[in-house]
There are 2 protein chains.
Amino acid sequence: MTTKPIPDIVVGRLPIYLRALQRMAQEGRRVTSSQELGERLGISAAQIRKDLSQFGEFGKQGTGYNIEFLAQQLQNILNVDRVWDVAVVGAGDIGSALARYQGLNNRGFRVAMIFDSDPKKVGTKVGAFVVKDSAKLVPEVSKAGIVIAMLAVPASAAQTVADQLVEAGVKAILNYAPISLNVPQGVRVQYIDPVTHLQRMTYYLDR
Amino acid sequence: MTTKPIPDIVVGRLPIYLRALQRMAQEGRRVTSSQELGERLGISAAQIRKDLSQFGEFGKQGTGYNIEFLAQQLQNILNVDRVWDVAVVGAGDIGSALARYQGLNNRGFRVAMIFDSDPKKVGTKVGAFVVKDSAKLVPEVSKAGIVIAMLAVPASAAQTVADQLVEAGVKAILNYAPISLNVPQGVRVQYIDPVTHLQRMTYYLDR
DNA sequence: TAGATTGTTAATCGATTAACAATC
DNA sequence: TAGATTGTTAATCGATTAACAATC
């Protein structure tokens, strides 16, 4: 018997739902509805119900969803009911900001180490971390059993570093370098390039 | 007569094509094909041709696409054949990294000013900029005619600042705060939240 | 010319929405 | 109970892919 896989586009919306739910919980709210959630997020109520129904039945007719319960369920589904260690590669402005970023807290992630190849940076402190030498990346990351990395090196170095991360056993890369990476099957990459986002908006701007 | 609008999902791929073309140009390449481009990007050749054909005929049968020409055309389409001034709001780690980020250069954008509400930060330097007081955001941004902003303030302040940006005439917001924003019709928002990207990947990770 | 690759059409595939019975 | 809202099905809508004539 084959279970049909969940569409990745659905998976991609779950973190958005979770984020909104956690915010609502913080606001002291106890229940919500697909309609209210949809209005906050600009997503149709039907879509939210459909998405959630892929994973189970989390609501009550007439009442809606218990916020804390649904958030808990989403954390389970997304495997963030634990804390993942993350390696940051590149200790420039972006890498340093990531190493200090408090926004990872309570959301399933923690920076565990940061690397740079520049001898002037190796050994210096960035936030709570001492910058390690990129030359040691493969052994250090494998030894720590780290499977998630944030890549914040120049585009020219990104593919080489990505190859090393893969060699070290990393399965998920969040890439801040403005370049598409080639990785083997089984390794996931997500891209963050502010410029592509900006250009997507300037298309609609006049002048 | 009504021309049917280009799907936003197509618009969203154009910056990726442009980025790859500019990289190829930098590598000294002169022509490419939908197939080669697709292999680099993990997108089907048919899709690339279909996307481009929405805007015109840019290739030659048997030969492919002239890289420099196609890049130029995409810059025109995306309105980045000019330089847009961008306002950064928030001078914490992320805002500071953005203000110093060199990756905007030659891609259609330039940071023009940075704001923060913390009196300890106002007046200090971040990269080439003196941090301005957020209290002056609306008049300063309107006066400068700035229509694009990058938002890097805490989630708790993000909606208020977004409202001010809208009031100041901003039409495109790149939001780094982990919260969904409500903005009026005609204003675009793009989101960058590393955690949502990471969670989208941990769904597929075991353990 | 022969080979390659575009631009486009039609077919397929997948995602979203509308609607409503079930039920809290 | 009456009202509200879920979970789900079927219908619609939109996006992707396959295929190929046109042509460089």
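As a basis for the values below, the full set of heavy atoms in this structure was taken, side chains included, without hydrogen atoms, waters or symmetry mates. Protein chains get the first letters and strands the later ones, always in sequence-line order, with residue 1 at the start of each.
The side chain of Ala46(B) has dT17(D) as its nearest neighbour among dT17(D), dT17(C), dT5(C). Taking the side chain of Ser53(B) as heavy atoms from C-beta on, and the options dG7(D), dT6(C), dG7(C), the nearest nucleotide is dG7(C). Proximity note for Pro7(A) (side chain, C-beta onward) versus dA15(C), dA22(C), dA22(D): the nearest is dA15(C). In the set dA15(C), dT6(D), dT17(C), the nucleotide with an atom closest to the side chain of Ile9(A) is dA15(C).
For Gly64(A) and Lys50(A), each mapped to the nucleotide of DNA chain D holding its nearest heavy atom, the one lying further toward the 5' end belongs to Gly64(A).
Look at CZ on Phe58(A): it is 11 Å from P on dT8(D), rounded to the nearest Å. For the pair Ile48(B) CD1 and dA18(D) C1', the computed distance is 16 Å after rounding to whole Å. Distance Arg49(B) CZ to dA10(C) C1': 15 Å, rounded to the nearest Å. When rounded to the nearest whole Å, the span between CD of Glu57(B) and P of dA22(D) equals 14 Å. For the pair Gln54(A) CD and dT9(D) P, the interatomic distance rounds to 12 Å; values are reported in whole Å. Nucleotide dG14(C) holds its P atom 14 Å from the CD1 atom of Ile6(A), rounded to whole Å. Rounding to whole angstrom units, CG of residue Asp8(A) and P of dA15(C) are separated by 10 Å. Rounded to an integer number of Å, the gap from Asp51(B) CG to dG14(D) P is 17 Å.
An OP1 or OP2 oxygen of dT6(C) is reached within less than 4.0 angstrom by a side-chain nitrogen or oxygen of Ser34(B). Ser44(A) has a side-chain polar atom (N or O) that falls below the 4.0 Å cut-off from OP1 or OP2 of dT17(C). Residue Tyr65(B) places none of its side-chain N or O atoms closer than 4.0 Å to OP1 or OP2 of dC24(D). Note on Arg13(B): a side-chain N or O is less than 4.0 Å away from OP1 or OP2 of dT16(D). Within the 4.0 Å cut-off from OP1 or OP2 of dT16(D), at least one side-chain nitrogen or oxygen of Gln47(B) is found.
Defined by atom type and a distance below 3.5 Å, a donor-acceptor pair is present between the side-chain atoms of Tyr204(B) and Asp8(A). A side-chain N or O of Ser34(A) and one of Arg49(A) form a donor-acceptor pair less than 3.5 Å apart.
Distance alone, capped at 3.5 Å, is enough to place a donor-acceptor pair between the Asn175(A) side chain and the Ile179(A) backbone.
Screening Leu78(A), Leu18(A), Ile16(A) against Thr196(B) for a side chain to side chain contact (heavy atoms under 4.5 Å, CB included) leaves a single residue, Ile16(A).
Considering every non-hydrogen atom in both Pro178(B) and Arg19(A), the closest pair reads O-CD, 3.3 Å.
Pair assignment for dT6(C) gives dA21(D), based on Watson-Crick or G-U wobble hydrogen-bonding distances that are each under 3.5 Å. Summarising the base pairing, dC13(C) is matched to dG14(D) through a Watson-Crick or G-U wobble pair whose two defining distances lie under 3.5 Å.
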